[in-house]
K.L.:
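Structure provided below as structure tokens; questions to follow.
Quick note: numbers below take in every heavy atom, side chains included, and nothing from hydrogens, waters or symmetry partners.
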Protein chains: 2
Amino acid sequence: MSGNQFKRGELYSFITGVASTAIARRLQKNFKQHGIDITIEQWSVLYHLWKQDGQSQQELCNATFRDKPSITRLVDNLEKLKLVRRVASAEDRRINMICLSEAAHALRDQTMEMANQTLNEALGGVSTEEIEMCKSVLQRVYDNLK
Amino acid sequence: MSGNQFKRGELYSFITGVASTAIARRLQKNFKQHGIDITIEQWSVLYHLWKQDGQSQQELCNATFRDKPSITRLVDNLEKLKLVRRVASAEDRRINMICLSEAAHALRDQTMEMANQTLNEALGGVSTEEIEMCKSVLQRVYDNLK
DNA sequence: GACATATAGTTAGTTATGCAACTAATTCAA
DNA sequence: TTGAATTAGTTGCATAACTAACTATATGTC
């Protein structure tokens, strides 16, 4: 294994083992401390619904890079929490449109504020240029594999 | 929410939702296609044991950035697969030293080759400098939060 | 119209994660 | 030296992930 390949292995280890969980764990803890009982995964679905309400589960799969069973269960749990409801589409009855409840709308500002705080904390000492470059690299990795 | 903060939200989404799973999924698929029935998480533990055999579970926690119950269960499953065994330390009987079996040693070259192929594929069009920069950013993120 | 194919979503089974509470062994201090 | 605090590891519970197999609706072709 060449030196460079070893570094790539380390990057793999880092991407899958650290960066993907450290921010999530911190954000989860902040939610909990503020009495907000949703998981980060649930929040990431709400995040995309706040951008556009009424998306289908398939659209949420694409947006969150999850598979269909994962979204089915996240929506199940969000429904239990009365944060979303499934509304059958009139045009295509295979489709569930996922619609935010009033409670979910109310969560937006509160959690977005915490997310920003956490991300500012996490990204202390990281410049905007570096953030952009990371995004670009991660996008290329994703495109290479999809 | 300012423009920059929105970009940070997108980065969060990307880090937790894409980069952390795309490479892992591809590597998992490659393992399966070659008849290697271990999970990526199990592989990531073996990866650190190949670097140094006989580490304690706590050392594996630190190396893989997982908590103790996660390592307990990964070691449980690796033991079921007869890839490692727990050996009680003579000096400190609280400690399990995790030791690789012959079968696990044999897996090393085969899976490392696949990992390198997958990472080369994933990192196509990404320069060594960019990889280093990403590692540096992810390290700073981790340090900021730990 | 009827049958093949594709698409949206669900269910079952296994593995993994985080948290909290626990046991057992070790260390430190009065 | 005994009793408190620390450290290593395990167990229980809830949530989430992927794969494979499934149902139901829609589309397209003969």
K.L.:
Could B:Arg140 and A:Glu130 be called an ion pair, given the rule that one side-chain N must be under 4.0 Å from one carboxylate O?
P.N.:
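A:Glu130 and B:Arg140: salt-bridged.
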K.L.:
Would you mind reading off the distance between A:Leu60 atom CG and C:dG9 atom C1', rounded to a whole angstrom?
P.N.:
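Those two atoms, CG and C1', are 12 Å apart.
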K.L.:
Given D:dA16, is OP1 or OP2 found less than 4.0 Å from the side-chain N or O atoms of A:Asn77?
P.N.:
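A:Asn77 to D:dA16 OP1/OP2: side-chain N or O found under 4.0 Å.
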K.L.:
Can you tell me the distance, in whole Å, between the CD atom of A:Glu59 and the C1' atom of C:dG9?
P.N.:
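My rounded result for the distance is 14 Å.
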K.L.:
In B/S/- notation, 5' to 3', how is nucleotides 19-27 of chain C contacted by protein heavy atoms closer than 4.0 Å?
P.N.:
BB----BS-
K.L.:
Taking atom C1' of C:dA12 as reference, at what distance in whole Å does atom NZ of A:Lys68 sit?
P.N.:
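It is 16 Å, rounded to the nearest whole Å.
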K.L.:
Output every pair passing salt bridge (charged side-chain N to carboxylate O under 4.0 Å, His left out) with a member in residues 81-90 of chain B, not counting sequence neighbours, ordered by first then second residue.
P.N.:
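Applying salt bridge (charged side-chain N to carboxylate O under 4.0 Å, His left out) to every pair that reaches into residues 81-90 of chain B, excluding sequence neighbours, yields B:Asp76-B:Arg86, B:Glu79-B:Arg86.
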K.L.:
Does any N or O in the side chain of B:Gln55 come within less than 3.5 Å of the main-chain N or O of B:His48, such that one atom is a donor and the other an acceptor?
P.N.:
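Yes: the side chain of B:Gln55 pairs with the backbone of B:His48.
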K.L.:
Report the distance from atom CG of B:Asp53 to atom NE2 of B:His105, rounding to the nearest 0.5 Å.
P.N.:
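Here the rounded value is 5.0 Å.
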K.L.:
Taking only the side-chain heavy atoms of B:Gln57 (C-beta and beyond), determine which of C:dG9, D:dG9, D:dT15 contains the nearest atom.
P.N.:
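My answer, after comparing the listed nucleotides, is D:dG9.
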K.L.:
Return the nearest nucleotide to the side chain of B:Thr72; candidates are C:dG9, D:dT10, C:dA16.
P.N.:
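Among the listed nucleotides, the one closest to the side chain of B:Thr72 is D:dT10.
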K.L.:
I'd like to know if the side chain of A:Ser89 pairs up with that of A:Asp92 as donor and acceptor (distance under 3.5 Å, no hydrogens or angles considered).
P.N.:
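Absent: no donor and acceptor within the cut-off.
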K.L.:
Would you give the length of the straight line joining atom CE of A:Met114 to atom CD of A:Glu121, rounded to the nearest 0.5 angstrom?
P.N.:
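If we round to the nearest 0.5 Å, A:Met114:CE and A:Glu121:CD are 13.0 Å apart.
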K.L.:
Nearest-nucleotide wise, let me know which of B:Ile71 and A:Ile71 is further upstream toward the 5' end of DNA chain C.
P.N.:
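Result: A:Ile71.
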K.L.:
Atom CG of A:Asn77 and atom CG of A:Leu83: how far apart are they, to the nearest 0.5 Å?
P.N.:
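Reported to 0.5 Å precision, the distance equals 10.5 Å.
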K.L.:
Counting only side-chain heavy atoms from C-beta out, which of C:dA16, D:dT10, C:dA8 sits nearest to A:Gln58?
P.N.:
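Of the options given, the side chain of A:Gln58 lies nearest C:dA8.
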K.L.:
I want to verify a distance call: between D:dT10, D:dA17, C:dT17, whose nearest atom is closest to the A:Arg66 side chain?
P.N.:
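Nearest nucleotide to the side chain: D:dA17.
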K.L.:
Return the value, rounded to whole Å, for the distance between atom CD1 of A:Ile38 and atom C1' of D:dA16.
P.N.:
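Between C1' of D:dA16 and CD1 of A:Ile38: 15 Å.
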K.L.:
Tell me the interatomic distance from A:Phe65, atom CZ, to D:dA17, atom C1', rounded to whole angstroms.
P.N.:
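Going from CZ in A:Phe65 over to C1' in D:dA17 covers 16 Å.
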K.L.:
Identify, between A:Lys80 and B:Arg86, the residue whose nearest nucleotide on DNA chain D lies closer to the 5' end.
P.N.:
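Result: B:Arg86.
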K.L.:
If I take atom CG in residue B:Asn96 and atom C1' in nucleotide D:dT7, what distance separates them, rounded to the nearest angstrom?
P.N.:
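Value for this atom pair: 13 Å.
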K.L.:
OP1 or OP2 of D:dA16 versus the side-chain N and O atoms of A:Thr39: is any pair under 4.0 Å?
P.N.:
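Indeed, a polar side-chain atom of A:Thr39 lies that close.
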K.L.:
Round to a whole Å and report the spacing from CD1 of A:Ile95 to P of C:dT10.
P.N.:
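Spelled out: CD1 on A:Ile95 to P on C:dT10 is 12 Å.
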K.L.:
Measure from CD on B:Glu41 to P on C:dA16 and round the result to the nearest Å.
P.N.:
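In whole Å, C:dA16 P lies 6 Å from B:Glu41 CD.
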